[in-house]
Amino acid sequence: MHLRCTCMRGNGMKEYQPASIEPKWQVAWNENSVFDSDVDENKPKFYCLEMFPYPSGKMHMGHVRNYSIGDSMARFRRLAGYNVLYPMGYDSFGLPAENAARKIGGHPHDVTWSNIESIRTDLNRMGFSYDWRRELATSNSTYYHWNQWIFLKFYEMGLVVRRTAPTNWCDSCDTVLANEQVKNNRCWRCADEVRQKYFPSWWLKMTNYADELLDELDNIEFPENVKAMQRNWIGRSHGADICFSVIESDEIIKVFTTRPDTIFGVTFVTLAPEHTLCETLVTGTEYEADYRELADECARMSEFDRINMLKEKKGVFLGRYATNPLTGKELPIYAGNFVVGSYGTGAVMAVPGHDQRDHDFAKKYDIQIVQVLSEEEGKEPKVTGRAFEGLGWMVNSGQPRFDGLYGEEAKSAIIEELKSKGMGGGTTQYRLKDWLLSRQRFWGTPIPFIHCNECGMIPVPENDLPIELPLEVVFTEGESGNPLASHEGFVNTNCPKCGSPAKRETDTMDTFYDSSWYFLRFTDAQNQSAPFNKSKADYWMENGVDLYIGGIEHAVMHLLYARFFTKALRDAGLNDVSEPFSRLVCQGMVNAPTPYCTECNVEHHVDLDGQQCPLCDNKLGSRSAKMSKSLGNTVSPEIMIEKYGADTVRLFILFGANPEAGMEWSDSAIDSNFKQMNSIYGALIQAIEIAEDPSLKSNSSGEKWLLARARLNSKNWAEYMTNVSLRDGVMLSHFEMLSDWQWAQRRGEISCDGAMQFLKIWVPMLYPTTPHLAEEIWELMGNNLMLAQTNMDMDSEKDDGDRIILSREEYLRKVIDRARSVRELAERHTEGELSKVIIQTAQEWKINLATSAISMLQDGFDFKEGGNKFLHTQPCFQNEDIRAEVMQYWRSIVIGQKKRRGRIYTWGMRENDLISGELEEVSFLKENSQFIADALGVPIVDVYQAGDGEDIAGKARNSIPLEPGIAWQ
RNA sequence: GCAGGGAUACCCGAGCUGGUCAAAGGGGCCGGACUUAAGCUCCGGUGCUAAUCGCUUCGUGGGUUCAAAUCCCACUCCCUGCACCA
């Protein structure tokens with residue numbers, strides 16, 4: 001496949017050859033270390049980061065998209081004079097490498113390393129501008145050493161706990177999982193069902209930070225849906241703990257409720273089946289058998305279809321009663337399958353009048369339903385057959401001082417009452433759990449603890465770190481379990497405290513631990529004596545990573561862990577910053593067409609393209625779906641780079657959709673982007689040829705316009721880029737700028753100076769997204785310093801005269817457009833060939849009226865009130881021949897018709913300038929009559945002010961300022 | 001059920017701090033120029049009408065306004081996440 005533009009326009013045009021340009025500049029950048037950056041207090045910093053890749057194979061299109069966005073932003077910020085930190089690394093611990101090693105009989109280290117090599121090669125071929133000195137891989141002991149060090153710090157801070165508790169166990173992955181890693185009761189990685197298992201595990205007390213994690217969301221720029229997911233996940237709810245004492249027993253049932261205001265409507269109490277009190281109450285009674293049945297069913301729950309389980313509310317009476325602390329009323333105690341043991345206190349007070357679940361339950365088991373809130377102030381509650389769950393006015397409390405209280409007031413009153421009786425109080429519950437950190441697998445950071453029979457669990461002394469993973473381990477297929485546990489050399493050690501023989505902890509850390517602070521390590525990646533130097537971290541991390549780009553799939557997991565970590569490390573005194581990422585951009589999916597059956601709503605492998613659905617025999621259609629190996633609809637970046645070059649792939653990716661939107665892979669679209677690159681290249685070469693010819697000295701209005709346009713585009717472009725609106729930016733840099741150049745070419749000669757000025761504006765705009773092409777042209781322009789080393793002033797104010805130049809040209813284009821739009825009709829109404837265009841500009845009196853009206857409007861004149869009066873004083877109004885026209889015109893500029901407002905309101909500043917003297921329409925059009933004639937393909941263009949010549953087709957009447965009457969003959 | 005985001009012309013997609021919006025840009029399609037021809041490239045067209053007017057259109061229905069794709073209300077459908085969370 002050759003990277004050759006087969007079209008040859010102009011003379012001596014060079015070909016666009018990315019295959020030679022791209023490696024050339026990649027080498028040049030590399031040799032000059034232009035992307036290395038260090039702390040520099042004199043420059044504003046910009047930390048641009050992408051979620052680093054998990055090296056599971058080659059680079060895929062998702063990576064290409066992610067990093068093309070980041071690289072453009074990094075390059076743009078460098079160009080704008082920022083000190084940019086833009087690093088790359090590999091999240092290289094984890095199960096897939098271990099499984100792969102098991103399959104091929106090697107060591108995960110080797111598998112991981114060869115994948116890293118491959119990805120690094122691909123990254124370089126795309127021309128991404130990383131500071132490679134900072135490259136890191138989390139599976140290197142130089143990195144995980146500090147994982148362990150931090151873990152010990154957390155231990156000292158009391159953030160690490162080891163406890164035996166119910167955990168989520170995945171059989172297929174052979175390990176426990178954190179709460180965040182379980183989706184719909186399935187493992188996030190392998191989708192196997194998760195079951196509960198009692199297990200001694202290591203936890204990080206993330207819940208200590210629940211409030212800060214939640215509240216700080218308001219101050220960071222994350223997409224709304226990510227914030228919503230995190231809020232949801234943390235799940236803070238304010239409410240009350242209320243104690244119900246069990247009758248004929250010392251036991252107390254503590255419940256959590258968000259609705260203490262409904263306490264007078266409690267008619268029973270429900271415990272989670274796994275609640276310890278159930279056993280105590282029921283053992284040895286006639287109710288025991290029923291209870292056991294329910295409890296067993298719930299314990300097996302994960303094996304059942306979740307949907308079925310959700311439908312049926314079940315419970316059993318436990319044979320005992322509790323008392324309502326405020327009324328003393330006796331309430332039956334039930335165990336119910338819908339009460340979650342791990343949330344709140346694992347017990348709920350049931351208010352069937354005001355909670356639909358309790359209502360259903362009460363109906364089913366024939367329990368009393370009491371309404372204690374009214375929807376309307378001062379009225380009795382309505383009987384509806386459903387629970388009223390909204391806030392309401394308290395009634396039927398039996399204690400008059402509560403009746404009539406509403407909402408929050410009612411809640412606080414109850415809470416106060418409970419407090420005073422010592423039976424409860426206000427409290428806050430979270431859905432967020434502590435982070436279950438330990439994994440029973442090999443390929444992760446060993447947890448630096450030692451089990452000693454004498455001394456118990458002892459942290460490894462800091463000086464003994466890192467505890468390295470042994471390399472002499474062989475993985476074989478079909479063998480499960482953690483090879484660390486059976487590795488004598490690893491496991492056996494001595495107690496650091498008493499010296500007696502002891503065993504090492506063989507659990508390793510969740511790989512999300514690794515990625516929870518890598519952005520801090522990047523600020524000082526080579527540090528051998530600490531995770532990172534504080535002042536370096538504080539410099540680069542001030543206000544957090546400025547732009548963090550990655551997939552939405554980490555909305556809860558990685559992004560929450562990293563936020564927690566940054567706060568915990570801050571409290572450990574390692575850094576000042578509290579929020580790791582100040583702005584998050586989640587790039588959309590890269591989709592591609594895949595066969596799809598509308599009947600079955602199933603996507604199929606591309607091998608079935610054009611065939612019948614294997615499930616229902618219908619003919620398969622096509623639909624867009626996320627690129628995936630299983631559907632086979634992937635496109636290899638390598639092949640595309642080889643075919644079109646990295647710059648075209650980048651252009652396609654960035655132009656295809658704005659970063660957050662999903663995008664569609666399309667062979668024809670990338671092809672047309674390649675054409676675009678060729679056109680741009682052709683235009684650039686042409687511009688350089690002009691720039692090199694000093695005999696070209698024209699100073700045409702086309703040239704002035706081109707430069708004014710370029711200044712405007714460049715300014716807008718910088719704004720778009722700053723906002724990460726890359727698609728809009730690319731639209732200007734790679735599309736508008738080219739078509740402006742082409743328009744200017746048609747408008748007249750460009751001088752050598754003009755061409756050079758244009759290039760100086762355009763080429764830097766091309767640089768962030770298609771850097772190789774830009775560098776190549778920049779060099780041809782005679783620059784010694786590479787663009788990669790160049791800073792640009794991005795806030796250059798545009799020339800004041802630009803506005804006029806641009807609006808004059810816009811006027812010209814509008815006139816031509818209008819002429820075109822009436823041409824077809826004119827043809828129908830005219831016999832023979834059209835040979836002439838007659839343009840009649842507005843009469844002088846129209847211009848005068850418009851000018852007056854504009855300035856009167858600026859002075860706040862009320863046209864409805866005094867418009868006619870003013871008109872009557874005007875000289876043109878005195879002429880009876882045109883009085884009707886004058887009135888009609890006046891109305892159209894100061895009042896307007898139906899949907900269209902009067903022109904004086906719709907004319908902008910530009911138009912006002914033109915009308916009030918910046919544009920002599922007749923002379924301007926006359927100057928450009930040859931161009932207009934060419935554009936319209938007509939030999940003669942006649943221009944005069946209405947009245948100065950014959951009124952062709954009655955157009956004089958239609959003419960208004962800036963909208964001349966146009967007729968064809 | 002709760003939360004977040006959507007629905008715009010043949011398709012993708014911008015606009016959505018109300019008027020300059022028949023609605024950017026791209027793709028597709030149609031026509032023209034160039035070419036022996038196809039391709040490439042360039043120019044023009046692509047709601048209906050119409051010598052520049054006008055009419056209808058931005059998920060459905062209603063409302064506010066002199067004026068609504070844009071603001072408000074209700075509804076329908078789609079995507080995403082969480083979910084017997086008390």
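Excluded from the calculations below are hydrogen atoms, water molecules and symmetry mates; all remaining heavy atoms, backbone and side chain alike, are included. These numbers were taken from a predicted model, which means no experiment stands behind them. Letters go in sequence order (proteins before strands), and every chain restarts at 1.
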**Student:** Dot-bracket for RNA chain B, 5' to 3', with Watson-Crick and G-U pairs under 3.5 Å, [ ] for crossing pairs and | for other-strand pairs: what is it?
**Tutor:** ((((((((.[[[..)...(.....]]]((((((.......))))))((.....))...[[[[[..)....]]]]])))))))....

**Student:** For B:rA9 versus B:rA14, give the span between their C1' atoms, rounded off to a whole number of Å.
**Tutor:** 13 Å

**Student:** Distance between the C1' atoms of B:rA7 and B:rC12, in whole angstroms?
**Tutor:**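 Here B:rA7 and B:rC12 have their C1' atoms 14 Å from each other.
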
**Student:** Across the strands shown, which category fits A:Gly336 at heavy-atom distances under 4.0 angstrom: base, sugar-phosphate, nothing?
**Tutor:**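 Result for A:Gly336 = nothing.
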
**Student:** Identify which nucleotide among B:rA86, B:rC82, B:rC42 has an atom closest to any side-chain atom of A:Gln742, counting heavy atoms from C-beta outward.
**Tutor:**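 Comparing B:rA86, B:rC82, B:rC42 against the side chain of A:Gln742, the answer is B:rC42.
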
**Student:** Taking atom C1' in both B:rU60 and B:rC11, compute the distance separating them and give it to the nearest angstrom.
**Tutor:** 23 Å

**Student:** Taking the side chain of A:Phe256 as its heavy atoms from C-beta onward, which of B:rA86, B:rG81, B:rA24 lies nearest to it?
**Tutor:**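 Of the options given, the side chain of A:Phe256 lies nearest B:rA86.
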
**Student:** Between atom CZ in A:Arg259 and atom P in B:rC85, what is the gap in whole Å?
**Tutor:**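 Answer to the nearest Å: 14 Å.
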
**Student:** What is the separation between atom CG on A:Leu936 and atom P on B:rU52, rounded to the nearest whole Å?
**Tutor:** 17 Å

**Student:** Looking at B:rA24, B:rA51, B:rA86, which one has an atom nearest to any side-chain atom of A:Ser237?
**Tutor:**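 Closest of the options to the side chain of A:Ser237: B:rA86.
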
**Student:** Expressed as a whole number of Å, how far does the C1' atom of B:rG26 sit from that of B:rA74?
**Tutor:**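 Here B:rG26 and B:rA74 have their C1' atoms 36 Å from each other.
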
**Student:** Which nucleotide in the list B:rA83, B:rU41, B:rA24 gets nearest to the side chain of A:Lys675?
**Tutor:**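 Closest nucleotide among those given: B:rU41.
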
**Student:** Whole angstroms only, please: what is the NZ-P distance between A:Lys955 and B:rA50?
**Tutor:**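 The distance from NZ of A:Lys955 to P of B:rA50 comes to 14 Å, rounded to the nearest Å.
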
**Student:** Roughly how many Å is it from NZ in A:Lys433 to P in B:rC85, rounded to a whole number?
**Tutor:**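 Checked: the NZ to P distance equals 13 Å.
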
**Student:** Please give the distance between the P atoms of B:rA3 and B:rA86 as a whole number of Å.
**Tutor:** 12 Å

**Student:** A:Arg813 has an atom CZ; how far is it from atom C1' of B:rG44, in whole Å?
**Tutor:** 14 Å

**Student:** Taking the same atom, P, in B:rG6 and in B:rC72, what whole-Å distance lies between them?
**Tutor:**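 It comes out at 13 Å once rounded to the nearest Å.
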
**Student:** Could you tell me whether A:Tyr644 and A:Phe652 have their ring centroids closer than 6.0 angstrom?
**Tutor:** no

**Student:** Can you confirm if the NZ or CZ of A:Lys846 lies within 45° of the ring axis of A:Tyr889 and under 6.0 Å from the centre of its six-membered ring?
**Tutor:**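 The answer is yes; both the distance and angle limits are met.
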
**Student:** Describe, in one word, how the ring planes of A:Phe361 and A:Tyr365 are oriented to each other, choosing from parallel (under 30°), tilted (30 to 60°) and perpendicular (over 60°).
**Tutor:**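 Correct class here is tilted.
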
**Student:** Write down the distance separating the P atoms in B:rG27 and B:rU35, rounded off to the nearest Å.
**Tutor:** 25 Å

**Student:** Taking the nucleotide of RNA chain B with the nearest heavy atom to each, does A:Ala967 or A:Val340 sit closer to the 5' end?
**Tutor:**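 Here A:Ala967 is the residue nearer the 5' end.
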
**Student:** Whole-Å distance between B:rC40 C1' and A:Phe674 CZ?
**Tutor:**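 These atoms are roughly 12 Å apart.
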
**Student:** In whole Å, what is the span from the CD1 atom of A:Ile966 to the P atom of B:rC53?
**Tutor:**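 Checked: the CD1 to P distance equals 11 Å.
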
**Student:** Could you state the CD1-C1' distance from A:Ile234 to B:rA3, rounded to the nearest angstrom?
**Tutor:** 14 Å

**Student:** Would you indicate whether the side-chain heavy atoms of A:Phe268 and A:Pro352 approach each other to under 4.5 Å?
**Tutor:** yes

**Student:** Measuring from the side chain of A:Met229 (C-beta onward, heavy atoms only), which nucleotide among B:rA51, B:rC82, B:rG81 has the closest atom?
**Tutor:** B:rG81

**Student:** Nearest-nucleotide wise, let me know which of A:Thr258 and A:Asn232 is further upstream toward the 5' end of RNA chain B.
**Tutor:**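 By nearest-heavy-atom nucleotide position, the 5'-most residue is A:Asn232.
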
**Student:** Provide the distance between the two P atoms, one in B:rG31 and one in B:rG39, to the nearest whole Å.
**Tutor:**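 After rounding to an integer number of Å, I get 12 Å for this pair.
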
**Student:** Give me the distances for all protein-to-nucleotides 4-6 of chain B N/O pairs that come in under 3.5 Å?
**Tutor:**
unit_1	atom_1	unit_2	atom_2	d
B:rG4	O2'	A:Asn225	N	3.4

**Student:** Any side-chain heavy atom of A:Pro659 within less than 4.5 Å of one from A:Val724?
**Tutor:** yes

**Student:** Side chain of A:Arg727 only, heavy atoms from C-beta on: which candidate in B:rA86, B:rG13, B:rU52 is closest?
**Tutor:**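 Comparing B:rA86, B:rG13, B:rU52 against the side chain of A:Arg727, the answer is B:rG13.
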
**Student:** For the side chain of A:Phe338, starting at C-beta, report the closest nucleotide among B:rC82, B:rC84, B:rG25.
**Tutor:**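 That would be B:rC84.
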
**Student:** With side chain to side chain contact (heavy atoms under 4.5 Å, CB included) as the test, pick out the partner of A:Val837 among A:Val938, A:Ile952, A:Val943, A:Ile816.
**Tutor:**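 With A:Val837 as partner, A:Val938, A:Ile952, A:Val943, A:Ile816 yield a single side chain to side chain contact (heavy atoms under 4.5 Å, CB included), made by A:Val938.
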
**Student:** Within the structure, does a side-chain N or O atom of A:Arg820 lie under 4.0 Å from either OP1 or OP2 of B:rG44?
**Tutor:**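 A:Arg820 to B:rG44 OP1/OP2: side-chain N or O found under 4.0 Å.
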
**Student:** Run the numbers on A:Leu277 and A:Leu271 for side-chain contact (heavy atoms from CB on, under 4.5 Å), then give the verdict.
**Tutor:** CA-CA 8 Å; A:Leu277 197 57; A:Leu271 304 178; 4.2 Å; yes

**Student:** Side chain of A:Tyr343: nearest nucleotide among B:rA86, B:rG25, B:rA83?
**Tutor:**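 Closest nucleotide to the A:Tyr343 side chain: B:rA86.
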
**Student:** State whether A:Phe655 and A:Arg727 meet the cation-pi test: NZ (Lys) or CZ (Arg) under 6.0 Å from the six-membered ring centroid, and within 45° of the perpendicular axis.
**Tutor:** yes

**Student:** Would you call A:Phe256 and A:Val348 a side-chain contact if the rule is heavy atoms closer than 4.5 Å?
**Tutor:** no

**Student:** Taking A:Arg709 first and then A:Glu810, would you say they form a salt bridge - that is, a charged N and a carboxylate O separated by under 4.0 Å?
**Tutor:**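 No, this pair does not count.
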
**Student:** If you check the A:Phe655 side chain, which of B:rG26, B:rG81, B:rU41 turns out closest?
**Tutor:**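 From the listed options, B:rG26 comes nearest.
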
**Student:** Could you check if a side-chain atom of A:Val370 sits within less than 4.5 angstrom of a side-chain atom of A:Phe264, using non-hydrogen atoms only?
**Tutor:** no

**Student:** Report yes if a side-chain nitrogen or oxygen of A:Gln429 is closer than 4.0 Å to either non-bridging phosphate oxygen (OP1 or OP2) of B:rC85; otherwise report no.
**Tutor:**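 Result: no.
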
**Student:** Using side-chain heavy atoms (C-beta onward) and a distance below 4.5 Å, is A:Leu331 in contact with A:Val266?
**Tutor:**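 Yes, their side chains come closer than 4.5 Å.
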
**Student:** Using OP1 and OP2 only, check whether a side-chain N or O of A:Arg357 sits under 4.0 Å from B:rC85.
**Tutor:** yes

**Student:** Measuring from the side chain of A:Arg818 (C-beta onward, heavy atoms only), which nucleotide among B:rA51, B:rA86, B:rU52 has the closest atom?
**Tutor:** B:rU52

